[in-house]
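In what follows, chains are A, B, ... by sequence order, proteins preceding strands, each numbered from 1.
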Number of protein chains: 2
Amino acid sequence: MTTQRQPGGEAGSASRLRPRGTAFLLAQVGAHASARFAERISELGVVPADVGLLRMVAVQPGRSQQSLAEELGVVPSRVVALVDGLERKGLIERRRNVRDRRNHALHLTAEGTHVMSEMRTLGSAHEAEICAALDDTQRAQLAELLEAIAAQQGLTPGVHPGYRQSPQPAEEPHGRPGS
Amino acid sequence: MTTQRQPGGEAGSASRLRPRGTAFLLAQVGAHASARFAERISELGVVPADVGLLRMVAVQPGRSQQSLAEELGVVPSRVVALVDGLERKGLIERRRNVRDRRNHALHLTAEGTHVMSEMRTLGSAHEAEICAALDDTQRAQLAELLEAIAAQQGLTPGVHPGYRQSPQPAEEPHGRPGS
DNA sequence: TATTGTTATACTCTATAACTATA
DNA sequence: TATAGTTATAGAGTATAACAATA
């Protein structure tokens, strides 16, 4: 079937045999990795969007919802929905800040801490699965290249762009399936 | 912009110690690439989901909706919606198959062909933007590593997993004894 | 009866805006 | 008046299932 070669090789005449660009490969493999990760964590009862929020609260307990919204790049009401879900599942709890009672300080519950630990285990398995095709040297190489791109593109470390609220273009409805 | 602040920088030793996994980086950079691509093509009046379908019809004119649904991994009704949109935009047309009148043969219009050509230009610019941090050798290296992963993971060349209908459990059925 | 495509419908996700309670 | 959070609402995206036309 398609002869996949490095870009920069011979410019394919037939679009059928034209090698996929690196950017497409990134999107394709990245979406696959996301989907597989989502599958894995579903057994913990959480969705991908929960994970980043949980980790932020774990790293910095007592954070306000506002600050999370800002760092994740979503509107506050979205954080409400996410925290609602996590609270319902018993992984997180809201505590009124005594100094400013408008503020909700977020903390992991014992169960939440446990889930975070489980998540680390799943994360390792996930990592192994996705990189199964590569040896250690290649993995290091890949990580280095990706980090260079991430830095140059101005991505926030640890924050998945899926959180970012899509700027609604004037004309076309936008959108984007998987990612 | 080169060095992004780590959330909880000074205090969050835990997240500092352990660099993001390669799988996460893949998901992050991949989602970013997808989002930027979506932004770019929006000026052509199409969304990412349109692109794969357009390309398939371009490569193999006269295809049935059924065959597209199968290859993309979506339900037929989804193809109806996509083709509806593309037909409304004047990029594609349905022609009744004379032999089997149940069948709709899909073809690009002149405008559709033009848009495909524009898309190739945008694609090159996109590629250059995403890989701006890398030199030619590194780009080749990256493509090679990604192709190895894609092949080992069984991804269909040229098909973005975002199409695939994934059993998305969404917000995990309540009642899940999270305690 | 089986197959291609379509319509009707429902459900999830997520942003906007109005609202509450503090300050 | 300003801020943290919440609720109400609306729109896009996408699957399921019933349906129509054709074979």
Exercise. Answer yes or no: is there a donor N or O on one side and an acceptor on the other, between the side chain of A:Glu129 and the main chain of A:Ser124, under 3.5 Å?
Key: no
Quiz prompt | B:Thr156 side chain vs B:Val159 backbone, donor-acceptor pair below 3.5 Å | solution = no
Spacing of [X] atom [atom1] relative to [N] atom [atom2], expressed in whole Å:
X	N	atom1	atom2	answer
B:Gln65	D:dA21	CD	C1'	14 Å
A:Leu72	D:dG5	CG	P	13 Å
B:Arg95	C:dG5	CZ	C1'	18 Å
B:Arg164	D:dA15	CZ	P	12 Å
A:Arg99	C:dT22	CZ	C1'	16 Å
A:Leu82	C:dT12	CG	P	15 Å
B:His104	C:dT3	NE2	C1'	14 Å

Look at the side-chain N and O atoms of [X] and state whether any lies under 4.0 Å from the OP1 or OP2 oxygen of [N].
X	N	value
A:Arg94	D:dT6	yes
A:Gln66	D:dG5	yes
B:Asn103	D:dT22	no
B:Arg102	C:dT3	no

Quiz item: Out of C:dG5, D:dG5, D:dT14, which nucleotide sits closest to the side chain of B:Arg78?
Solution: D:dT14
Quiz item: Of all the nucleotides listed (D:dA15, C:dT6, D:dA23), which has the minimum atom distance to the side chain of B:Asp100?
Solution: D:dA23
Exercise. For B:Ala81 and for A:Asp84, find the nucleotide of DNA chain D with the closest heavy atom, then tell me which residue's nucleotide is more 5'.
Key: A:Asp84
Exercise. Could you check A:Arg96 against B:Ala105 and say which one's nearest nucleotide on DNA chain C is further toward the 5' end?
Key: B:Ala105
Quiz item: Of A:Val75 and A:Arg101, whose closest DNA chain C nucleotide lies nearer the 5' terminus?
Solution: A:Val75
Quiz prompt | Passing candidate, side chain to side chain donor-acceptor pair (under 3.5 Å) with B:Glu71, options B:Arg63, B:Gln66, B:Gln60 | solution = B:Arg63
Self-check item: Check: C:dT16 base within 3.5 Å donor-acceptor of A:Ser77 side chain
Solution: yes
Self-check item: Partner set under side chain to side chain donor-acceptor pair (under 3.5 Å) for A:Arg139, not counting sequence neighbours
Solution: none
Quiz item: What is the ring orientation for B:His160 with A:Phe24, classed by angle as parallel under 30°, tilted 30 to 60°, or perpendicular over 60°?
Solution: perpendicular
